[in-house]
**Student:** 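First the structure, which I've put down as structure tokens, then a few questions once you've had a look.
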Amino acid sequence: MITLERAMAEYFRFSRPEFCENNPSIPPIFSASAAALATRMWIQRYVPIPATFYIALIGDPRSGKTAFYHAYLRLFQGTGIGQIPVGSPPAMVRSLKEIQHGYIYYDEVSHLAKLIKAYMGDLLPILNRAYYLDAIEQTRTDSKKSVVVDPEEYFVHVYFAGTPKDWKGVEDQAMGGFVRRTLVLYTRGQIPFFVERELSIEEERRRAQLSNLIRATLRALTGIQTFVSLKGLSPLASRLEREMLDVEKKSMVEEYIYKILAGRLLANLVTIDLDDDPDNITADIIRMRIKSNARRQGVGYDEYIIGEGSYEVRLSYDVTNDSDDNDAKIVDYLPPNFARTTYEQLIRSVRSIAGAPDEITLRNVQRIQQWLNSGGSVVVSKRKFAQQILHTTNPSFYKPVLEILQDAGYIKIVDSMYKGRKVQYVILDTKAKICGNCALFRTDACPRVQKIMQNYDFSNSSDLYQFILEKTRPYDKACDEFEPANAEVEKNEK
């Protein structure tokens, strides 16, 4: 017996050896995706979510991502899981209505960016709604041509391939929701030119055998719908909060942790007998194997018959058990601490570009510009900046961001007094003609400070400082003596 995950891993090694050597963590994610797609999997959380996978393999040319996809997608041939053609939004809705259970594959992300432009953004709302299996409508004046896809009537995964530059172009045009829904995996390495590695006759036969058995197993799994409940992931919450990532990326990591672990759990409960006749593998046989393996390995199992040859299977598992040494645990198949290692893998992938300081800076500069363009105040409190612009309350995230933005000259942070206490304000436009941007602000040459010194007598320097903070507010309109604070800096840089 061999698990579905291991069968797919071996098949990938035979089919795309260089890619698997360079990217050993990617094949298990695709086995999880295949298991989730075949069984129309749902994750049982406080609000159940479909285990839909939107995966983007992003890497340099010749990294092998497209060839890997071809090997992966061939496994769905003859399974009842169809490919939904890429086309205009109306054509895609019609295809969803007809195929219902399948996948969409964009082999060039640059083509997706062109489609987004060509259809004025209609494509992305469709993909966003499909992610949660919401209703999708394509209405026409002629009601006979209108198409309505009901909620949960369909189940679809979406796969992308492209270069980092192309993916950046999609992110620049896409709404935040689309980016959050897509798991971006960055590929490494380059496929050598004129590779002469060939499979032996035995290896070629083994690959063909695995391919046929995997297809038959996926076909059988389409007769089983799965619902998976995972417990014990809450310790990851504090770690995720501390990560230097945007909220959208953190949400993506959280969702895909559940999906990948649930998919891998199932892919390691589904076992394949290498002596099986592919034509004889049925949903009933696979269901019995899942049931036997689950009970043997401490995974909660319930089943219901929903039709002839169709079943509903519910699995529950506490991932805190995955580091135990007991024989009756899922670690028989999965590596120890697979929840933690999967989390770390996702974080590394997201950090590859989204976590880089320049990317964080660029994204937050865009948020500041959006705030100003929508009529937001030029000067806001630090708390308001964190909550309403960065969308976070986690100091470990917003404090470094503030420091980076200020060092880069995008913002300016100044002290002021509010209701008798000192608070910090953030100037979002360092060229605005306000007191806080003046080179004379709170210096002896400042007209407001000079007026204070003439009219008041201070014996205590701390009282003077507090009074100056109260009377020289950064957001006040600049006087006639205004001198841009950044003018001298820009002059020196030139």
Side-chain angles (χ1 to χ4, degrees), residues 5 8-9 11-12 15-16 19-20 23 25-41 50-61 63-77 79-87 91-92 95-96 99-116 123-124 126-133 154-164 166-167 169-171 174 177-187 214-215 218 222 252 255-256 259-260 263-264 267 345-346 349-350 352:
E5 178 175 304
M8 292 184 67
Y11 163 79
F12 287 135
S15 303
R16 301 293 180 260
F19 181 88
C20 292
N23 304 277
S25 60
I26 288 179
I29 292 177
F30 276 83
S31 67
S33 177
L37 176 58
T39 62
R40 298 174 178 243
M41 179 183 287
T52 45
F53 281 70
Y54 283 24
I55 302 178
L57 286 185
I58 304 300
D60 294 331
S63 61
K65 51 192 180 295
T66 301
F68 176 81
Y69 264 131
H70 288 168
Y72 171 69
L73 297 177
R74 286 193 187 101
L75 296 176
F76 294 114
Q77 294 175 359
T79 64
I81 300 168
Q83 180 171 2
I84 298 168
V86 173
M92 185 172 294
S95 296
L96 276 174
I99 297 176
Q100 296 189 350
H101 191 185
Y103 62 88
I104 302 170
Y105 173 48
Y106 293 93
D107 60 348
E108 289 295 340
V109 168
S110 57
H111 178 56
L112 174 62
K114 292 178 182 178
L115 289 177
I116 294 172
L123 182 61
L124 289 181
I126 291 175
L127 294 177
N128 285 343
R129 295 187 69 79
Y131 183 80
Y132 288 115
L133 309 185
Y154 61 100
F155 199 99
V156 62
H157 283 193
V158 185
Y159 302 109
F160 311 92
T163 65
D166 291 337
W167 183 249
V170 171
E171 285 191 325
F178 174 76
V179 175
R180 181 182 64 77
R181 291 169 172 86
T182 305
L183 172 61
V184 181
L185 300 174
Y186 292 90
T187 60
I214 292 168
R215 284 194 186 100
L218 293 175
T222 61
M252 182 272 289
E255 283 198 8
Y256 276 98
K259 293 179 181 183
I260 292 171
R264 292 190 68 188
Q345 176 198 346
L346 287 182
S349 182
V350 172
S352 295

**Student:** For Tyr106, which of Trp167, Tyr69, Phe160 qualifies under ring-ring contact (aromatic ring centres under 6.0 Å, His included)?
**Tutor:** Phe160
**Student:** Identify the heavy atoms of Ala34 and Met8 that sit nearest to each other, and give their distance.
**Tutor:** CB-CE, 4.0 Å
**Student:** Checking Asp166 against Thr163 for the side-chain hydrogen bond (donor to acceptor under 3.5 Å, both in side chains) test, could you report, in this order, the C-alpha distance in whole Å, the side-chain angles of both residues, the deciding distance, and whether it holds?
**Tutor:** CA-CA 5 Å; Asp166 291 337; Thr163 65; 3.1 Å; yes
**Student:** Are the side chain of Tyr186 and the backbone of Pro164 linked by a donor-acceptor contact shorter than 3.5 Å?
**Tutor:** no
**Student:** Show the numbers, then the answer: is there a side-chain contact (heavy atoms from CB on, under 4.5 Å) between Leu73 and Tyr159?
**Tutor:** CA-CA 10 Å; Leu73 297 177; Tyr159 302 109; 4.1 Å; yes
**Student:** With sequence neighbours excluded, tell me which residues meet ring pair (Phe, Tyr, Trp, His ring centres under 6.0 Å) with Tyr256.
**Tutor:** Phe53
**Student:** Which heavy atom of His101 sits nearest a heavy atom of Leu37, and at what distance?
**Tutor:** NE2-O, 2.6 Å
**Student:** Taking all non-hydrogen atoms of both residues, which atom of Thr187 and which atom of Gly59 are closest, and how far apart?
**Tutor:** OG1-CA, 3.2 Å
**Student:** When you compare the side chain of Val158 with that of Arg181, does any pair of heavy atoms fall below 4.5 Å?
**Tutor:** no
**Student:** Kindly give the heavy-atom pair with the smallest separation between Arg74 and Arg215, and that separation in Å.
**Tutor:** O-NE, 2.9 Å
**Student:** Let's go through Leu183 and Ile29 carefully: what are the C-alpha distance in whole Å and the side-chain angles of both, what is the deciding distance for side-chain contact (heavy atoms from CB on, under 4.5 Å) to 0.1 Å, and is it a yes or a no?
**Tutor:** CA-CA 10 Å; Leu183 172 61; Ile29 292 177; 4.2 Å; yes
**Student:** Verify, without hydrogens or angle tests, whether Thr182 (side chain) and Phe178 (backbone) share a donor-acceptor contact under 3.5 angstrom.
**Tutor:** yes
**Student:** Aromatic rings Tyr54 and Tyr131: how do their planes relate, parallel, tilted or perpendicular, breaks at 30° and 60°?
**Tutor:** perpendicular
**Student:** Is the closest side-chain heavy-atom distance between Leu185 and Ser25 below 4.5 Å?
**Tutor:** no
**Student:** Show your working on side-chain contact (heavy atoms from CB on, under 4.5 Å) between Thr52 and Phe155 and close with a plain yes or no.
**Tutor:** CA-CA 8 Å; Thr52 45; Phe155 199 99; 4.1 Å; yes
**Student:** So, taking the atom named CZ in Arg16 and the one named NZ in Lys65, what distance separates them when rounded to the nearest 0.5 Å?
**Tutor:** 13.5 Å
**Student:** Decide yes or no on side-chain hydrogen bond (donor to acceptor under 3.5 Å, both in side chains) for His157 and Ser33, but give the supporting numbers first.
**Tutor:** CA-CA 8 Å; His157 283 193; Ser33 177; 3.1 Å; yes
**Student:** Do Tyr105 and Thr66 have side-chain heavy atoms sitting under 4.5 Å apart?
**Tutor:** yes
**Student:** Might you point out which heavy atoms bring Ile84 and Gly102 nearest each other, and give the distance in Å?
**Tutor:** CD1-C, 4.4 Å
**Student:** Just how far is it from atom CD of Gln83 to atom OH of Tyr103, taken to the nearest 0.5 Å?
**Tutor:** 4.0 Å
**Student:** So Tyr72 and Leu57, side-chain contact (heavy atoms from CB on, under 4.5 Å) or not? Walk me through it.
**Tutor:** CA-CA 13 Å; Tyr72 171 69; Leu57 286 185; over 6 Å; no
**Student:** Walk me through it: do Phe30 and Phe12 pass the test ring pair (Phe, Tyr, Trp, His ring centres under 6.0 Å)?
**Tutor:** CA-CA 10 Å; Phe30 276 83; Phe12 287 135; 7.2 Å; no
**Student:** Taking side chain as C-beta onward, heavy atoms only, is Leu127 less than 4.5 Å from Met92?
**Tutor:** yes
**Student:** For Ala71 versus Ser15, what's the shortest heavy-atom pair and its separation?
**Tutor:** CB-CB, 4.0 Å
